[in-house]
Amino acid sequence: MTGVIIRSISGFYDVDIQGQLLRCRGRGKLRHQKQKPLVGDLAEVTRISETEGALDAILPRRNALERPAVANMDQILIVASGAVPVTDPFLIDRITALANAIGCQPVILFNKWDLVPVPEMAKIYQDAGFTVIPCSARTGQGVEEIRSCLRGRISVFTGNSGVGKSSLLNALEGSLALATGEVSTKLGRGKHTTRTVELFRLPEDALVADTPGFAAFDPQTPELMDAQALAGYFPEFRPYLSGCAFVDCAHIKEKGCGLLTAIEQGKVSRSRHESYVRLYQQAKEFRPWENHGKSGPS
């Protein structure tokens with residue numbers, strides 16, 4: 001039988017097979033093949049009893065991350081906020097670039113819109129071509145639009161601790177009753193209420209994961225360490241990358257750079273370019289021989 005791994009607990013894997021759960025232990029051959037099952041993996045299993053099974057094989061992945069450990073994502077929903085804690089645009093830009101790098105659709109949810117709307121920030125991402133949904137877990141604004149976005153997909157929610165990821169999931173499906181945390185007024189950030197990655201099944205064939213906060217994303221994620229490919233992960237940059245005077249243009253301060261010209265003409269957001277420059281500098285400083293243990297899962 002084939003199912004989706006929705007939870008990993010101390011060497012056991014809960015596999016959802018058309019709505020029925022089997023708790024499985026991996027076969028020895030997975031260890032010999034050095035295959036680490038991830039939440040989101042499609043797995044072949046053999047039933048042993050009504051509630052137990054054996055995990056025989058992991059089917060090929062479309063994409064995967066090591067931190068957080070999740071595979072086969074259709075989309076990453078980035079929960080941001082203009083209220084406390086205020087989301088740094090660089091964090092949004094880093095995750096949108098990562099999503100594009102691994103072939104995953106980024107969606108940006110501006111939660112707490114009822115408290116502090118951020119239309120200027122939302123417009124930056126709308127103009128860049130992203131799906132942007134202003135929303136409020138408290139009032140229900142945007143919840144139906146999010147629900148429609150989740151239909152038939154495997155989705156991952158991420159964002160700063162305290163922006164309301166778990167609250168939005170509870171608004172989408174009250175029976176989840178996920179733990180939520182208060183935002184520290186002293187520190188301006190939330191408590192980490194989500195410790196592990198777990199997929200939850202919602203109506204209309206939706207699987208969603210509530211992940212730990214942005215700190216769970218390794219800043220040296222291998223997919224973002226290719227400096228030459230990085231500009232292509234910013235979709236609004238792409239029309240201007242072929243207009244540079246030099247084929248090896250870094251798009252930072254070079255003369256005759258088509259992207260810099262577009263920024264000066266107001267066609268591309270300056271803040272998005274600033275994020276690109278930060279990511280480019282991180283990629284140029286990356287030393288793979290010092291980070292051999294951080295390679296992503298196959």
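Reckoned from all heavy atoms, side chains included, excluding hydrogens, waters and symmetry mates.
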Test of understanding: clusters of I, L, V, M, F, W, Y form through side-chain heavy atoms closer than 4.5 Å, transitively. Do [X] and [Y] belong to the same one?
X	Y	result
L59	L22	no
L30	I6	no
Y240	L279	yes
F12	L21	no
V197	Y13	no

Test your reading of the model: is there a side-chain donor-acceptor pair from [X] to the backbone of [Y], 3.5 Å cut-off?
X	Y	answer
S136	R138	yes
Q75	C149	yes
N72	R62	yes
S148	E145	no
R23	E52	no
H273	L259	no
R94	A97	no
T87	S81	yes
D74	S155	no
E264	T261	no

With a 4.5 Å heavy-atom cut-off, do [X] and [Y] have their side chains touching?
X	Y	result
Y233	R238	no
T96	R272	yes
V86	V118	no

Parallel, tilted or perpendicular, as decided by the 30° and 60° cut-offs, for the rings of F234 and F237: parallel
Looking only at heavy atoms, what is the nearest atom pair of [X] and [Y], with distance?
X	Y	result
N160	V163	O-CG2, 3.0 Å
D41	A71	OD1-CB, 3.5 Å
L38	L65	CD1-O, 3.9 Å
P85	G162	CD-O, 3.5 Å
P235	A128	CG-O, 3.9 Å
N100	P106	OD1-CD, 4.0 Å

Gap separating the [atom1] atom of [X] from the [atom2] atom of [Y], nearest 0.5 angstrom:
X	Y	atom1	atom2	answer
N111	L168	CG	CG	4.0 Å
T139	L115	OG1	CG	9.0 Å
L98	N63	CG	CG	9.5 Å
L150	L202	CG	CG	6.5 Å
Q126	I108	CD	CD1	9.0 Å
R270	E274	CZ	CD	7.5 Å

Lys/Arg-Asp/Glu bridge criterion (N-O < 4.0 Å) met for R147, E144: yes
Pairwise ring-ring contact (aromatic ring centres under 6.0 Å, His included) hits with a residue in residues 114-171, at least two apart: none
Steps toward side-chain contact (heavy atoms from CB on, under 4.5 Å) verdict (L241, H251): CA-CA 8 Å; L241 300 181; H251 317 294; 3.7 Å; yes
Results of salt bridge (Lys or Arg N to Asp or Glu O under 4.0 Å) for R151 - residues two or more places apart only: E204
Contacts of type salt bridge (Lys or Arg N to Asp or Glu O under 4.0 Å), residue R27, not counting sequence neighbours: D56
Verdict with supporting geometry, Y276 and D93, side-chain contact (heavy atoms from CB on, under 4.5 Å): CA-CA 8 Å; Y276 162 76; D93 296 336; over 6 Å; no
Steps toward side-chain contact (heavy atoms from CB on, under 4.5 Å) verdict (M1, Q20): CA-CA 12 Å; M1 298 181 292; Q20 182 181 7; over 6 Å; no
Candidate pair V4 and L42, rule side-chain contact (heavy atoms from CB on, under 4.5 Å), full reasoning: CA-CA 5 Å; V4 180; L42 289 173; 3.6 Å; yes
